[in-house]
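Chain A is the first sequence line, chain B the second, and so forth, proteins listed ahead of strands; every chain is numbered from 1.
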Amino acid sequence: MEFLFGKTIKILTSMMDFRSQKHQLITSNIANIDTPEYTSKDLQFKGVIGEAMRKQLTTTSKKHLSGQFVNAGIIDSDFVDSEERVNVEKEMANLAENHLMYNLSVELLSRKFRSIKSVLNEVK
Amino acid sequence: MEFFTPFKICGDGLAAQRAKMDVIVSNIANVNTTRTPEGGPYKRKVVVFSTDSVDSSFDSKLKDAVKTVKVDGIEEAAANESVKMMHNPGHPDADERGFVAVPNINIVTEMVDMMLTNRAYEACVTAFDASKNMAVKTLDIGK
């Protein structure tokens, strides 16, 4: 299936997964604003994704282009407890940012599907 | 379904803030109450929140991290701080020296608490809105 769908879909879905998990943490932080002894939690990327997943294509001739592609994988994230009280402004900013990034992933994914669809329509 | 967890958390947050608002309003309404069924003047109430775990069927690493909120209890303020003595000999509840025990409620504190609760409630509404928007967007992928 990879020749048709590529790795974009895998990467984007794992991105959506990461964002929705982060969204859960942010809503949990906001709901617990007034809870005594509650500290704000966060989800962070574990290192740079691109670096860890870059892979060299094998070439059998010198005339071949040595293409590099990003190996699709599940985004590795780290759960962090800030050990600080919940800061509403920070949480709201995180909420907005996370929301936009999620929508971005969704938009890219639906564009990918639309392009596949238009390819399939053309061959009819 | 994991996608609905934020809705539950935001809903619990809204309910908790509403409970707090109810208690604050009750404190303000009873600022001059000198008679209660338990006897004595009204005592200032304080809401205490605690975290509550979200029961999710998914075994994810966030299972222990994502917490919802619940009202742990509505407690009375400490006995020595809950009552203040006011000199008002004409009052039917005045003692022999002319002092009346009235609730020790500071209306400014209550109003500030009310504003904070209002802001927290709004924050929960915004978070709920964002969750809903994300869900709608996801359903739009196939369109």
Side-chain angles (χ1 to χ4, degrees), chain A residues 9 12-13 16-43 46 76-82 86-114 116-117, chain B residues 2-17 19-20 46-54 56 58 60-72 113 116-117 119-143:
Chain A
I9 292 171
L12 285 174
T13 43
M16 280 169 67
D17 206 29
F18 169 76
R19 291 288 165 192
S20 70
Q21 282 187 343
K22 192 166 167 161
H23 183 76
Q24 276 186 40
L25 274 184
I26 296 170
T27 50
S28 142
N29 285 345
I30 292 173
N32 284 293
I33 288 174
D34 279 334
T35 309
E37 286 165 33
Y38 180 87
T39 53
S40 80
K41 320 268 191 297
D42 196 13
L43 202 60
K46 206 187 258 177
D76 208 8
S77 53
D78 238 352
F79 162 64
V80 190
D81 190 341
S82 70
V86 179
N87 180 341
V88 195
E89 289 81 12
K90 223 163 103 184
E91 296 303 332
M92 295 316 273
N94 277 341
L95 181 81
E97 187 206 323
N98 195 56
H99 184 191
L100 285 174
M101 290 305 287
Y102 182 87
N103 280 0
L104 174 72
S105 315
V106 169
E107 181 62 31
L108 289 174
L109 195 59
S110 61
R111 280 182 195 206
K112 176 77 185 167
F113 281 128
R114 241 178 286 155
I116 294 173
K117 201 175 161 190
Chain B
E2 202 166 10
F3 212 84
F4 295 122
T5 315
F7 292 120
K8 189 190 172 340
I9 297 172
C10 291
D12 286 344
L14 290 171
Q17 296 302 331
K20 190 176 177 188
V46 183
V47 180
V48 186
F49 294 143
S50 78
T51 54
D52 197 9
S53 58
V54 185
S56 162
F58 291 95
S60 68
K61 65 177 155 189
L62 292 182
K63 210 175 177 186
D64 301 323
V66 175
K67 295 275 184 211
T68 179
V69 65
K70 69 162 188 225
V71 176
D72 202 40
D113 267 0
L116 288 174
T117 311
R119 291 286 171 267
Y121 191 87
E122 280 171 12
C124 286
V125 171
T126 310
F128 191 93
D129 222 32
S131 317
K132 199 182 75 186
N133 190 285
M134 279 164 75
V136 170
K137 279 271 175 194
T138 316
L139 293 174
D140 280 348
I141 286 178
K143 280 192 182 159

Check against side chain to side chain contact (heavy atoms under 4.5 Å, CB included), B/N133 and A/H99: CA-CA 8 Å; B/N133 190 285; A/H99 184 191; 3.1 Å; yes
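Rounding to the nearest 0.5 Å places CD of A/E107 at 9.5 Å from CG of B/D140. Note that CD of A/Q21 and OG1 of B/T5 are 10.5 Å apart. Values are rounded to the nearest 0.5 Å. One finds the CD1 atom of B/I9 at 8.5 Å from the NE2 atom of A/H23 (value rounded to the nearest 0.5 Å). The distance from atom CG of B/D12 to atom OG1 of A/T27, rounded to the nearest 0.5 Å, is 10.5 Å. A/M16 CE to B/M134 CE: the interatomic distance, rounded to the nearest 0.5 Å, is 8.0 Å. Distance check, rounded to the nearest 0.5 Å: NZ of B/K137 to CG of A/L104 gives 10.5 Å.
Residue A/R114 places its CZ atom among more than 12 non-hydrogen atoms of other residues, nucleotides or ligands, all under 6.0 Å distant.
In this structure, the portion of B/K20 lying under 4.5 Å from any heavy atom of chain A is its side chain and not its backbone. Both the backbone and the side chain of B/S131 come within contact range of chain A, judged by heavy atoms closer than 4.5 Å. For B/T126, the parts sitting under 4.5 Å from any heavy atom of chain A are the backbone and the side chain alike. Both the backbone and the side chain of B/C124 have a heavy atom closer than 4.5 Å to some heavy atom of chain A. Heavy atoms closer than 4.5 Å to chain A are found nowhere in B/A16, neither backbone nor side chain.
When every heavy atom of B/A65 is checked against every heavy atom of A/Y38, the shortest pair comes out as O-OH, 4.5 Å. Between B/S50 and A/N32, the shortest heavy-atom contact is O-OD1, 4.4 Å.
Of the residues considered (A/I33, A/L95, A/D81, A/I26), A/L95 shows the highest number of contacts with chain B, using heavy-atom pairs under 4.5 Å.
Of the options B/V66, B/T51, B/V54, a side chain to side chain contact (heavy atoms under 4.5 Å, CB included) to A/S28 is made by B/V66 and by none of the others.
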